[in-house]
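To start, the structure under review is shown below, and the notes come after it.
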Amino acid sequence: MICLFVIDSRIYTSILLSTDHNMLKKYLLLLFAVMLTVTAIAQNRIKYVFYFIGDGMGVNQVNVTETYLAALKGRIGFEPILMSSFPVVGLVNTYSGTNGVTDSAAGGTALATGHKTKNGALGVTTDLQTEVSSVAAWAKEAGAAVGVATSVAIDHATPASFYAHVPDRKMYYTIGRQLIASGYDYFGGSDFHEPDKKPEEGTLYEQAEKAGYTIAKGYKDYIKKAASASKMILFQSDEANKKLYRDHIPYALDRRKGDLTLEEITRAGINFLTRSSKDGFFFMVEGGMIDYACHKNDIGTAINEVLDMDKAIKVAYEFYSQHPDETIIIVSADHETGGLVMGKGPYELHADLLRFQKMSKPEFQWHLNDLYSKSPKRFTWNLVEKELKSQFGFWNGITLTDDQTSRLKKRWNAIEEAINNGDKVNKLIDNIGETACRILSEVAMISWASGGHSNGYVPVYAIGNGTEVFQGRIDNIEIAPAIGTITGWKK
């Protein structure tokens, strides 16, 4: 307003001193243009930020997903998903402050704070002592509401990098306490890792409630409690935790009616953050189980997790469509996992065969073990073969080579021998699932370099005013400061 007043005074003086009608017209047009510009800046300030992080999601994880969707339609090529259809596309380097290949803690810290650190550290520099603040903290300080959500435990590395400051990512109880102390408005995930570690201090649930948080267990419970809550933590049900050990919500492939989903966690977060009277919001959402699936070289599950995160992004895009001038969406990843490559030698792919997988590798392993525990005498090769046909399509849509069939039977022979000797068979049964997933990748012509992380590029996709800065090749430490600049949260 001060700038406008000064310009207006000069125009007014010029008008008084001049009889030139052309000059008068020129200055009036200038005044009108300045007024429009100032109004546009005021109206189009970025107030809402969505920051999606696909843990383990390299460029090939997206590529194989889109290749798979095209193959389902019977054609070679790709079928774009929402995130990759955003107008801004770039490549991101991911190395950490101490290693050529980052872990999720260092990768998350870089994405959250703009600082590289040592593998395993959260919210501190490589000296493991100097704390660095995150874009979530900048948003809170600027008066915005803040949400942090994930499909895994809320004190896991990536979400924790937005609020915690510890030298070791495995300090789950300390991280949980720092979550509570952050005062952020909304958290969503499967659960805490160690809520009961120090009973003399009260559980983390009790500490959170004392600090003003309402804890909801499942989406329906959230709906019941949200209206009266000032701060919210959304977890999955206790029943789900008993099966999944608090680690994560169910994989998309394994989901049953009533299971909490990343889409619901995201929808609840938007609902809760927009209830606030605060000035806009920052909302980080992690698709954490892409990484889990890729660590297991479980290609069908990984693809479904990428698609599941894309569903959550669609929820954010619905909000963006209603507030396009005030909202930005950024999608990236902390690192690539598995060294995923489409191709194994022959110049062909058979991604359409991945449609036959009906269970994640962990779920299939659990399922076989459950069948054995319920009826050991009925646990035969015929039963295992039937399950492989049903859950992976082997010999029932997917033709296996003699060698591939032999490898599966060899796994069964080891189980049969252990049963006859009275030995434990759980890990041997797990090996059936391990081999089945390897064979599924083989028939689809998918290869994996390892069960760990790689230094492969990860993508960045973005939409909204100012996100052009993410175009091209950038480093992971550039994203958070750029968000701070676009929003004005970080001067």
Side-chain angles (χ1 to χ4, degrees), residues 64 243-245 247-248 250-254 289 291-305 337-341 343-346 349-452:
V64 74
K243 181 178 178 180
L244 297 171
Y245 305 104
D247 271 343
H248 57 81
Y251 285 106
L253 265 182
D254 307 327
M289 292 157 62
D291 177 67
Y292 283 27
C294 289
H295 273 297
K296 300 178 188 302
N297 293 172
D298 186 352
I299 185 61
T301 301
I303 286 173
N304 278 278
E305 287 307 308
T337 300
L340 173 64
V341 175
K344 287 184 70 67
L349 288 170
H350 303 290
D352 59 301
L353 297 179
L354 300 175
R355 73 185 187 276
F356 288 104
Q357 184 176 353
K358 306 302 182 186
M359 285 184 177
S360 70
K361 182 200 291 187
E363 182 75 5
F364 183 69
Q365 291 169 327
W366 178 88
H367 176 62
L368 288 184
N369 273 287
D370 186 54
L371 289 174
Y372 172 74
S373 65
K374 286 180 178 178
S375 184
K377 291 182 179 180
R378 297 181 61 186
F379 195 75
T380 64
W381 167 249
N382 288 337
L383 176 63
V384 171
E385 184 180 40
K386 178 183 176 181
E387 292 298 329
L388 288 167
K389 285 181 180 180
S390 175
Q391 306 304 335
F392 285 90
F394 294 167
W395 316 289
N396 186 31
I398 296 177
T399 301
L400 299 189
T401 65
D402 290 342
D403 175 70
Q404 289 166 339
T405 299
S406 176
R407 284 156 56 193
L408 288 167
K409 286 186 175 179
K410 186 177 180 181
R411 293 296 196 189
W412 164 253
N413 291 337
I415 295 169
E416 189 173 43
E417 183 179 350
I419 291 174
N420 292 335
N421 293 334
D423 297 332
K424 292 183 178 181
V425 299
N426 301 79
K427 289 185 179 180
L428 296 175
I429 291 175
D430 286 349
N431 288 339
I432 291 280
E434 178 73 32
T435 301
C437 280
R438 290 192 180 280
I439 291 173
L440 186 63
S441 288
E442 290 171 12
V443 298
M445 295 294 171
I446 302 294
S447 58
W448 300 89
S450 75

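Predicted model, so just to flag it, every value in this text is computed and none were measured.
- One distance of note links CG of Asn426 with CD1 of Ile415; it measures 10.0 Å at 0.5 Å rounding.
- Heavy-atom minimum distance, Ile439 versus Arg407: CG1-NH2, 3.8 Å.
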Donor-acceptor contacts under 3.5 Å from residues 377-385 side chains, at least two apart:
unit_1, atom_1, unit_2, atom_2, d
Thr380, OG1, Asn382, N, 3.4
Thr380, OG1, Leu383, N, 3.3

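- Counting heavy-atom neighbours within 6.0 Å of Lys344 NZ, excluding the residue itself, gives a total above 12.
- In plain terms, the two heavy atoms of Trp395 and Thr405 that are nearest each other are NE1-OG1, 3.2 Å.
- With a 4.5 Å cut-off on side-chain heavy atoms, Tyr251 and Pro362 count as touching.
- Residue Asp402 places its CG atom among 12 or fewer non-hydrogen atoms of other residues, nucleotides or ligands, all under 6.0 Å distant.
- Taking each heavy atom of Met445 and Pro346 in turn, the nearest pair found is CE-CG, 4.2 Å.
- We find the CG-CD distance between Asp370 and Gln365 to be 13.5 Å, quoted to the nearest 0.5 Å.
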Could you walk me through whether Leu388 and Phe364 satisfy the side chain to side chain contact (heavy atoms under 4.5 Å, CB included) test, starting with their C-alpha distance in whole Å, then the side-chain angles of each, then the deciding distance to 0.1 Å, before giving a yes or no? CA-CA 9 Å; Leu388 288 167; Phe364 183 69; 3.7 Å; yes
Would you be so kind as to tabulate the donor-acceptor pairs closer than 3.5 Å made by side chains of residues 349-360, with sequence neighbours excluded?
unit_1, atom_1, unit_2, atom_2, d
His350, NE2, Glu348, OE2, 2.6
Asp352, OD2, Arg355, NH1, 3.4
Arg355, NH1, Asp352, O, 2.9
Gln357, OE1, Gly300, N, 3.3
Gln357, NE2, Asp298, OD1, 2.9
Gln357, NE2, Thr301, OG1, 3.4
Gln357, NE2, Met359, O, 2.8
Lys358, NZ, Arg355, O, 3.3
Ser360, OG, Asp254, OD2, 2.5
Ser360, OG, Glu363, N, 3.2

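- How far CZ of Arg411 is from CD1 of Ile432: 7.5 Å, rounded to the nearest 0.5 Å.
- Within the 4.5 Å cutoff, no side-chain heavy atoms of Tyr372 are placed close to those of Leu368.
- In plain terms, the two heavy atoms of Leu428 and Ala418 that are nearest each other are CD1-CB, 3.5 Å.
- Although no hydrogens or angles enter the test, the distance criterion places no donor-acceptor pair under 3.5 Å between the side chain of Ser441 and the main chain of Ser447.
- A distance of 7.5 Å separates CD of Gln404 from CZ of Phe394, quoted to the nearest 0.5 Å.
- Cys294 approaches Ala302 most closely through the heavy-atom pair SG-CB, 3.8 Å.
- Lys296 NZ to Trp448 CH2: the interatomic distance, rounded to the nearest 0.5 Å, is 12.0 Å.
- Here CG of Asn304 is found 4.0 Å from CG of Leu253. Values are rounded to the nearest 0.5 Å.
- Side-chain contact between Leu400 and Leu408 is present, with at least one heavy-atom pair separated by less than 4.5 Å.
- Ion pairing of Glu442 with Arg438 is absent here, as no side-chain N (NZ or NE/NH1/NH2) approaches a carboxylate O to less than 4.0 Å.
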